[in-house]
Amino acid sequence: MTRRDYLEWMTAAAAATAAVRTVSAAGGDEDRARRMKWWHEARFGMFIHWGLYSVIGRHEWAMEQEGIPVAEYQAYAKQFRPKPNAARDWAKLAKSAGQKYMVMTTKHHEGFCNFASKLTNYNAAQQGPGRDLVAEYVEAARAEGMRVGFYYSLMDWHHPDGARCATDEAARRRFVDYTHGLIHELMTNYGKIDVLWYDVSWPLDAAGWESEKMNKMVFELQPEIIVNNRNALDGDFATPEQRIQAAKGAWESCMTMNDSWGYQRADDNWKSPKTIVRNLVTCAHDTGNYLLNIGPKADGSIPEESVRVLTAVGKWMEKNGETIYQSETCQPRRSEFASFSRKGNTLYMHVHYWPGSTVALGGLTSQVKSARLVASGKPVKFEQERFRVRFTGLPENAPDEPVTTIAIECDGEPNQDMDQIRKERPRLGVGV
Ligand code: GLC
């Protein structure tokens, strides 16, 4: 099965689940709203993919894609010897980038547990690291005031029952008990956990995984937690991957900064700070979250490019964070030169390509009351006509990088109507 097959399989499994519609989270809508409040306000989180694949440095799917035998792969468990408390640097970077929560791989598809477990010795405490890496991560995240999330892959390439559980009931029983047992350990040994982020439910469905029971156990142990939708149930939020797509309920778009989740030393396809900021705004526009990944090296250090990009994003967030956190749905839609977010009656116009001393916006039907540059707080002069607003007296060069944001305070919820420009723009005096 190729990676593409897995992804297709997951899509089909999700559709089947949606057809059955099972209740997957504790409590009702009110309970969910309460549990999710912080998450909705946060908007921006850090994803961390770290495991034995970080030793290999060729993407987290190397074991499968290169057909590495289990016995050969296991050897990396001894070579994995990260420096102590590497997670402190991740948490500091996350904080300075304006991220409010972190989600770390506790076990990826390779089956290696980054935490101390009584259920397998294929775990960090008993292998190369010689200590509980999840415990270090939790402590580091909390020290920086970050909310704490655990990623957990149901699919397991290492466990002998990981594939045969699909066709052998005794194997399924053992593997489901093992899986619930590991999740039980994660939900018990680290204090309050804020997010449980399941991944790839191949090769079982919700009934096979006993996902209802799984979530019930999770909510009993962690009544405040939120869970995603990748254990074949709907969960509390949807998880569009490598794309930004608003869903009906809560959603979080997860994305890599280059093309790989796990450390891939040859992957130099880095997104620019401008792309990251624009993506963040696109999520904020539709009240979604952005979970942006780092793939630390085997020693735990963060690839320099990721540090560079996140630091630039952080500088922008420091001054422009009000345009992202707690954003509300925004009617004006992204165009080529700018994207938008909103809070109350304030429209934030994020200008991607700075035109010079005058910036114009077409089709705004709300009355502008005032305008300012968000980064400096400086007031901006404006002239409003029927079909456009012109912001004038601005610097020739973009005053802020990677995008400059103008806060436009309106007389009501900001509204834009491009149709009326097309239909009613005065044409008198112009040749046909
Ligand atoms: C996919 C990949 C996995 C990655 C995840 C993040 O499911 O299989 O490697 O962890 O996406 O969303």
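Indexing begins at 1, ligand by ligand and atom by atom, following the structure's order.
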Asker: Can you name the residues that form a salt bridge (charged side-chain N to carboxylate O under 4.0 Å, His left out) with Glu409, not counting sequence neighbours?
Answerer: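 Salt bridge (charged side-chain N to carboxylate O under 4.0 Å, His left out) list for Glu409, sorted by chain: Lys369.
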Asker: Of all the atoms in ligand 1, which lie at a distance below 4.0 Å from a heavy atom belonging to Trp197?
Answerer: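 By the 4.0 Å cutoff, the relevant atoms are 12 (O).
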Asker: So does Glu224 pair up with Lys37, basic N to acidic O under 4.0 Å?
Answerer: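 Result for this pair is no, no salt bridge flagged.
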Asker: Should the pair Glu30-Arg35 be classified as a salt bridge under the 4.0 Å nitrogen-to-oxygen rule?
Answerer: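 Salt bridge: no.
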Asker: Taking 4.0 angstrom as the limit and counting only heavy atoms of Tyr151, give me the atoms of ligand 1 inside it, by number and element.
Answerer: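 It comes down to these atoms of ligand 1: 10 (O).
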Asker: Minimum distance, heavy atoms only, to atom 8 (O) of ligand 1: which one of His108, His109, Glu64 is it?
Answerer: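 Comparing heavy atoms across His108, His109, Glu64, the nearest one to atom 8 (O) of ligand 1 lies in His109.
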Asker: Could you say whether the N/O atoms of Glu60 and ligand 1 ever approach to under 3.5 Å?
Answerer: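 Indeed, backbone or side chain, Glu60 has an N or O that close.
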Asker: Answer with side chain, backbone, both or neither: which part of Thr239 has a heavy atom less than 4.0 angstrom from an atom of ligand 1?
Answerer: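 Neither part.
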Asker: Taking the six-membered ring for Trp, are Trp90 and Tyr137 parallel (under 30°), tilted (30 to 60°) or perpendicular (over 60°)?
Answerer: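 If you compare the ring of Trp90 with that of Tyr137, the planes turn out tilted.
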Asker: I'd like to check which ligand 1 atoms, numbered from 1 as shown, lie under 4.0 Å from a non-hydrogen atom of His49.
Answerer: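 Close to His49: 4 (C), 10 (O).
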Asker: Using the salt bridge (charged side-chain N to carboxylate O under 4.0 Å, His left out) criterion, which residues pair with Asp286? Sequence neighbours excluded.
Answerer: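 Testing Asp286 for salt bridge (charged side-chain N to carboxylate O under 4.0 Å, His left out), a comparison that skips the adjacent residues, returns Arg333.
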Asker: With heavy atoms of Cys254 as the reference, note each atom of ligand 1 found under 4.0 Å away.
Answerer: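 In order of numbering, the contacting atoms are 12 (O).
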Asker: Select one of side chain, backbone, both or neither to describe which atoms of Tyr53 lie under 4.0 Å from any atom of ligand 1, heavy atoms only.
Answerer: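 Neither part.
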Asker: Strictly below 4.0 Å, N to O, side chains only: are Asp199 and Arg230 in salt-bridge contact?
Answerer: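 Looking at Asp199 and Arg230, the cut-off is met.
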Asker: Would you mind running through ligand 1 and noting each atom that sits below 4.0 Å from a heavy atom of Val200?
Answerer: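 Heavy-atom distances to Val200 below 4.0 Å select 7 (O).
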Asker: Show me which atoms of ligand 1 lie under 4.0 Å from any heavy atom of Asp199.
Answerer: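 Listed by number with element: 1 (C), 3 (C), 4 (C), 5 (C), 7 (O), 10 (O), 11 (O).
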Asker: Does ligand 1 have a heavy atom under 4.0 Å from the side chain of Thr105, from its backbone, from both, or from neither?
Answerer: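 Contact part for Thr105 vs ligand 1: neither.
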Asker: Is the ring pair Phe237/Trp39 parallel, tilted or perpendicular, if the boundaries are 30 and 60 degrees?
Answerer: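 It falls in the tilted class, 30° to 60°.
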Asker: Scan side-chain atoms only and decide if His109 and Ser153 contain a donor-acceptor pair under the 3.5 Å cut-off.
Answerer: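 The answer is yes; a qualifying pair exists.
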